[in-house]
**Q** 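Have a look at this one.
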Amino acid sequence: MSVPPSPSKDFIRDIIDEDLASGKHDSTVTRFPPEPNGYLHIGHAKSICLNFGIAEEYGGRCHLRFDDTNPVKEDVEYVDSIKEDINWLGFDWGDHIYFASDYFEKLHEWAVYLIKEGKAYVDDQNADEIRKGRGNLQEPGTNSPFRDRSVEENLALFERMKNGEFGNGEKVLRARIDMAHPNLNMRDPVLYRILHEEHHRTGDKWCIYPMYDFTHGQSDALEFITHSLCTLEFENHRPLYEWFIENLPVPSTPRQIEFSRLNLNYTVMSKRKLLQLVEENHVSGWDDPRMPTISGIRRRGYPAKAIRNFCNTIGITKFQSVNDIALLENAVREVLNKEAPRYMAVLNPIKVVITNYPEGETEILESVINPEDPSLGNREIPFGREIYIERDDFMEDPPKKFFRLSPGVEVRLRSAYWIKCEEVVKDDTGEIIELHCTYDPATKSGQNPPDGRKVKATIHWVSATECAEAEVRLYDRLFMEEAPDKGEGSFLDHLNPDSLETLPNAKLETNLSGVEAGDTVQFERLGYFCADKDSTSEALLFNRTVGLRDSWAKAQKKG
RNA sequence: AACCUCAUGGUGUAACGGUAGCACAACAGAUUUUGGUUCUGUUUGUCAAGGUUCGAAUCCUUGUGAGGUUGCCA
């Protein structure tokens, strides 16, 4: 068992420690600031675990704040799913849920303040002209011809913008900073743009909306956020973030700190690409179990605890790393091994007739629910003359290292008896349709035979007369390339055609019919499986969460 | 030859001028009614070159490589 996955110190927590020690702050307030324009994914989970995790560790608090400054893209539908996902991950914002749109009034007031200070002006240039005036990475920008309007004129114009007297894009409010600044974000950034658009919370109250840069830091300050943690792409925005904090009468001075976003191999994370997967039907939806979305992961059966453990193991740095998906899967197995009750299921059944077992007779055998937690006790499994075993567990002509059933060979049936294969029954095409075996009554439930015989393997089975039918979906990684969005061509070129395999004919231990949607269990020797939300008692449906470690499969691959 | 940032085994992450450690992966073995779990062991690393220092992954200089930035997106 690896170290307890409590988060280790990182450079951000070091900064917080210093700020607390120096008396700069006496408590810690963080925030998670999603834009309600899409579904959360595992990358957001990293940020959520960081921000809410710090709040828990330091006895501070973490605000949930929706960064809803662009009504064209945003919708309440996303607000709800984001809240659900955060809750599912196990975090609670208490009363501290906020919306940037709640600050529109204050933000407008501060825009007027900047105008009065001579630090903002209304620009009549269109988007194209502004772009040209900004210069580029090598050359400085040039001042807008409207840069030196009087305070009165700016005030009047901005008021008219707010009153809806202009069309979209006709005018913007810009900060008056420095058109030659080496950081492009400081070259008179746009503060407000005109958008005659209904906002999901403020309705038609506003037709001018503040930009991200003019909103985020001030929202932080209004909420007395101490440490505003964001990803690396905002690094270049920090001087502007600080400029607003310095030049506006804000009630507190938050500090922006950037860290590297989560990257996972064999997957894509950008909202745009995830949307494309959904819209072009490469997956069944946002919550397709192959998607790296929180809802997809949940449907796949990954426990929230495993996600949190994973996030605590990967660390927080400024280095743009790519994490191995194996680490995530390890976290999932670690939790599920401890928590998932065990059952038997046969995915590709082949019938076995135990010829020396009395016809018409059945008996009840016991098996442990979870060997990791014996206090859970046992379950009862019916056994009889006809059973199903896994097709993969029989080979007519086995290689040397194959320990399972083959002609003349004896194996143990888990929690039942030893059986020996006596006869292989085939149809006209040569397909094996049935195995005839004999069993040894002296080997019941783990007993060893008195003559000292040994058996090399234990295989799983299900009673053929008393079992449940189910469809089982086997998921594999969605992409075959480690970095699907690198290199030429579309990331879609690297889609794994075998990422979903459907097995319609699985046979389950009857105890499984009581499992509820969302429950994750272990199918012994196969892996962890989660009852899908569409599963009903009439039509059971299971998703494979993750397979067990399989050293046999690994050995085979090596040849 | 713009500005900002980053660089430690295969992957990720520690070490805050003083023995380069941990997790995952890989490999080998032990245990095991799951080829699971658990346990033990092994392999592999400070981007390069200079400098400061008794001592450098750590500080300084230069170079190399990678990423971000030219939305009225966030």
Side-chain angles (χ1 to χ4, degrees), chain A residues 1-3 5 8-10 14 33-35 37 67-70 72-74 123 125-127 130-132 134-141 168-174 181-187 189-195 209 211-213 215-216 230-239 258 260 265 271 313-331 333 337-338 342 344 367-368 371-372 401-404 411-416 418 443 445-448 455-460 522-527 547-555:
Chain A
M1 184 66 18
S2 51
V3 258
S8 52
K9 287 288 179 192
D10 48 63
D14 286 344
E35 184 189 12
N37 72 340
D67 226 330
D68 54 350
T69 57
N70 186 357
V72 215
K73 292 186 170 178
E74 296 150 7
D123 196 339
Q125 296 182 108
N126 63 34
I130 288 180
R131 187 178 320 120
K132 285 198 179 100
R134 189 155 30 227
N136 57 41
L137 298 177
Q138 259 96 80
E139 294 159 22
N168 289 354
E170 276 186 43
K171 288 184 167 37
V172 291
L173 183 72
R174 298 178 74 179
H181 198 107
N183 183 330
L184 294 265
N185 291 122
M186 298 297 273
R187 319 242 261 227
V190 172
L191 269 29
Y192 267 89
R193 75 287 214 189
I194 299 170
L195 247 30
Y209 291 93
M211 299 289 290
Y212 164 84
D213 285 309
T215 307
H216 202 92
C230 61
T231 43
L232 253 24
E233 66 266 31
F234 293 101
E235 219 158 25
N236 291 312
H237 293 246
R238 189 173 357 113
E258 311 85 15
S260 176
N265 57 11
K271 276 184 188 174
T313 347
I314 55 176
I316 301 292
T317 64
K318 297 181 81 117
F319 177 60
Q320 299 194 22
S321 55
V322 181
N323 283 94
D324 196 334
I325 193 87
L327 195 58
L328 212 207
E329 293 180 345
N330 178 262
R333 287 195 189 101
N337 176 49
K338 286 272 180 269
R342 309 264 129 152
M344 287 197 282
S367 191
V368 65
E372 300 292 318
K401 288 283 191 54
F402 186 84
F403 301 147
R404 283 108 96 151
V411 294
R412 188 198 303 274
L413 294 177
R414 167 115 248 231
S415 304
W418 293 18
T443 58
S445 300
Q447 297 174 69
N448 291 320
V455 96
K456 279 188 137 168
T458 299
I459 65 173
H460 59 276
Q522 183 188 114
F523 289 174
E524 294 201 69
R525 300 209 311 130
L526 295 174
L548 254 27
R549 247 185 220 99
D550 190 345
S551 48
W552 165 242
K554 204 187 283 177

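Order of the sequence lines sets the chain letters (A, B, ...), proteins ahead of strands, with each chain counted from 1.
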**Q** At under 4.0 Å between heavy atoms, what does A/P239 touch on the DNA or RNA strands: base, sugar-phosphate, or nothing?
**A** nothing
**Q** Nearest 0.5 Å, what's the OG1-CD distance between A/T231 and A/Q320?
**A** 10.0 Å
**Q** Tell me the partner of B/rU40, counting only Watson-Crick (N1-N3 plus N6-O4 or O6-N4) or G-U wobble (N1-O2 and O6-N3) with both under 3.5 Å; none if nothing fits.
**A** B/rA28
**Q** Could you check whether any side-chain N or O of A/D10 sits under 3.5 Å from a backbone N or O of A/T317, counting only pairs where one atom can act as donor and the other as acceptor?
**A** no
**Q** Go through the N and O atoms of the side chain of A/R404 and the base of B/rG35, and report whether any donor-acceptor pair is under 3.5 Å.
**A** yes
**Q** Do other residues, nucleotides or ligands put more than 12 heavy atoms under 6.0 Å from A/K456 NZ?
**A** no
**Q** Please answer whether the main-chain N or O of A/W418 pairs with a side-chain N or O of A/T443 as donor and acceptor at a distance below 3.5 Å.
**A** yes
**Q** Take atom C1' in B/rA15 and the same atom in B/rU8, then report the distance between them in whole Å.
**A** 10 Å
**Q** Quick one: is B/rA74 close enough that its OP1 or OP2 comes under 4.0 Å of any side-chain N or O from A/T69?
**A** yes
**Q** If you compare every side-chain N and O of A/S415 against the phosphate oxygens of B/rU33 (OP1, OP2), does one of them come in below 4.0 Å?
**A** no
**Q** Where the side chain of A/R193 meets the backbone of A/V172, is there a donor-acceptor pair that is under 3.5 Å apart?
**A** no
**Q** With the side chain counted from C-beta on, respond yes when A/N70 and A/L195 share a heavy-atom pair under 4.5 Å apart, and no when they do not.
**A** yes
**Q** Flag the pair A/I459 / A/R525 as yes when at least one side-chain heavy-atom distance between them is below 4.5 Å, and no otherwise.
**A** yes
**Q** To the nearest 0.5 angstrom, please state how far the SG atom of A/C230 sits from the NE2 atom of A/H237.
**A** 9.0 Å
**Q** Check the distance between B/rG10's P and A/L327's CG and give it to me in whole angstrom.
**A** 17 Å
**Q** Taking CD from A/Q138 and P from B/rC3, how many angstroms apart are they, rounded to a whole number?
**A** 10 Å
**Q** Does a nitrogen or oxygen in the side chain of A/S445 sit under 4.0 Å from OP1 or OP2 of B/rU33?
**A** no
**Q** Can you tell which of B/rU37, B/rU33, B/rC6 lies closest to the side chain of A/N337?
**A** B/rU37
**Q** Please classify the nucleic acid contact of A/E139 as base, sugar-phosphate, or nothing, using heavy-atom distances under 4.0 Å.
**A** nothing
**Q** Please give the nucleotide sitting opposite B/rA15 as a Watson-Crick or G-U wobble pair, both distances under 3.5 Å, or none.
**A** none
**Q** If pairing requires Watson-Crick or G-U wobble contacts with both distances under 3.5 Å, which nucleotide is the partner of B/rG65?
**A** B/rC6
**Q** A/D68 CG to B/rA74 P: how many Å, rounded?
**A** 10 Å
**Q** Would you mind telling me which of B/rA14, B/rA7, B/rU33 lies closest to the side-chain atoms of A/F319?
**A** B/rA7
**Q** Taking atom C1' in both B/rU43 and B/rG29, what distance in whole Å separates the two?
**A** 15 Å
**Q** Determine the Euclidean distance between corresponding P atoms of B/rU38 and B/rU70; express it in Å to zero decimal places.
**A** 47 Å
**Q** Can you tell whether the side chains of A/E35 and A/K73 come within less than 4.0 Å, N to carboxylate O?
**A** no
**Q** Does A/R187 reach the main-chain N or O of A/N136 with its side chain, forming a donor-acceptor pair under 3.5 Å?
**A** yes
**Q** Could you list all N or O pairs between the protein and nucleotides 26-28 of chain B that sit under 3.5 Å apart?
**A**
{"unit_1": "B/rA26", "atom_1": "OP1", "unit_2": "A/K554", "atom_2": "NZ", "d": "3.0"}
{"unit_1": "B/rC27", "atom_1": "OP1", "unit_2": "A/K558", "atom_2": "NZ", "d": "3.1"}

**Q** If you look at every strand shown and take non-hydrogen atoms under 4.0 Å, does A/V455 touch a base, only sugar-phosphate, or nothing?
**A** nothing
**Q** Listing time: all N or O pairs from protein to nucleotides 15-17 of chain B that are below 3.5 Å?
**A**
{"unit_1": "B/rC16", "atom_1": "N4", "unit_2": "A/D14", "atom_2": "OD2", "d": "2.6"}

**Q** Between B/rA74 and A/T215, is there an OP1 or OP2 to side-chain N/O distance shorter than 4.0 Å?
**A** no
**Q** What nitrogen or oxygen pairs link the protein and nucleotides 68-72 of chain B at under 3.5 Å?
**A**
{"unit_1": "B/rG68", "atom_1": "N2", "unit_2": "A/N236", "atom_2": "OD1", "d": "3.1"}
{"unit_1": "B/rG68", "atom_1": "N2", "unit_2": "A/N236", "atom_2": "ND2", "d": "3.4"}
{"unit_1": "B/rG68", "atom_1": "N3", "unit_2": "A/N236", "atom_2": "ND2", "d": "3.4"}
{"unit_1": "B/rU69", "atom_1": "O4'", "unit_2": "A/N236", "atom_2": "ND2", "d": "3.1"}
{"unit_1": "B/rG71", "atom_1": "OP2", "unit_2": "A/R131", "atom_2": "NE", "d": "3.4"}
{"unit_1": "B/rG71", "atom_1": "OP2", "unit_2": "A/R134", "atom_2": "NH2", "d": "3.4"}
{"unit_1": "B/rC72", "atom_1": "OP1", "unit_2": "A/R134", "atom_2": "NH2", "d": "3.2"}
{"unit_1": "B/rC72", "atom_1": "OP2", "unit_2": "A/R134", "atom_2": "NH1", "d": "3.1"}
{"unit_1": "B/rC72", "atom_1": "N4", "unit_2": "A/Q125", "atom_2": "O", "d": "3.0"}
{"unit_1": "B/rC72", "atom_1": "N4", "unit_2": "A/A127", "atom_2": "N", "d": "3.1"}
{"unit_1": "B/rC72", "atom_1": "N4", "unit_2": "A/G169", "atom_2": "O", "d": "3.1"}

**Q** Atom CD1 of A/I316 to atom P of B/rC6: distance rounded to whole Å?
**A** 16 Å
**Q** Using a 3.5 Å distance criterion without hydrogens, assess whether the side chain of A/N265 forms a donor-acceptor pair with backbone atoms of A/I325.
**A** yes
**Q** Contact class for A/T317 (heavy atom, under 4.0 Å): base, sugar-phosphate, or nothing?
**A** sugar-phosphate
**Q** Searching all strands shown, indicate the nucleotide that pairs with B/rG35 (Watson-Crick or G-U wobble; both distances under 3.5 Å).
**A** none
**Q** Measure from CZ on A/R412 to P on B/rU32 and round the result to the nearest Å.
**A** 11 Å
**Q** Rounded to whole angstrom, note down the P distance from B/rC27 over to B/rG36.
**A** 12 Å
**Q** A/Q125 and side chain to side chain contact (heavy atoms under 4.5 Å, CB included): which single residue from A/K171, A/E170, A/R131, A/R174 fits?
**A** A/R174
**Q** If we take the P atom in both B/rG21 and B/rG9, what is their distance in whole Å?
**A** 14 Å
**Q** State the CG-CZ distance between A/L526 and A/R342, to the nearest 0.5 angstrom.
**A** 12.5 Å
**Q** Suppose you measure atom C1' in B/rU32 against the same atom in B/rG45; what distance do you get, rounded to whole Å?
**A** 36 Å
**Q** Write down the distance between CH2 (A/W552) and P (B/rU32), rounded to a whole number of angstrom.
**A** 22 Å
**Q** What's the base orientation of B/rG65: syn (chi within 90° of 0) or anti?
**A** anti
**Q** Relative to the 5' end of RNA chain B, which residue comes earlier, A/Y212 or A/G446, by the nucleotide with the nearest heavy atom?
**A** A/G446
**Q** A/F403 side chain: which of B/rG12, B/rG35, B/rA2 is closest?
**A** B/rG35
**Q** Rounded to the Å, how far apart are A/K271 NZ and B/rA74 C1'?
**A** 7 Å
**Q** Identify whether any heavy atom of A/F402 sits under 4.0 Å from a base atom; if not, whether one sits that close to sugar-phosphate; answer base, sugar-phosphate or nothing.
**A** base
**Q** Backbone N or O of A/G547 within a donor-acceptor pair of the A/R333 side chain at under 3.5 Å?
**A** yes
**Q** Once rounded to the nearest 0.5 Å, what's the spacing between atom CD of A/E524 and atom CZ of A/R414?
**A** 4.5 Å
**Q** Scan A/K401 against the nucleic acid and name what it touches under 4.0 Å (heavy atoms): base, sugar-phosphate only, or nothing.
**A** base
**Q** Provide the distance between the two P atoms, one in B/rG51 and one in B/rU69, to the nearest whole Å.
**A** 39 Å
**Q** If we take the C1' atom in both B/rU31 and B/rG41, what is their distance in whole Å?
**A** 15 Å
**Q** Please report the distance, rounded to the nearest Å, between CG in A/N265 and P in B/rA25.
**A** 13 Å
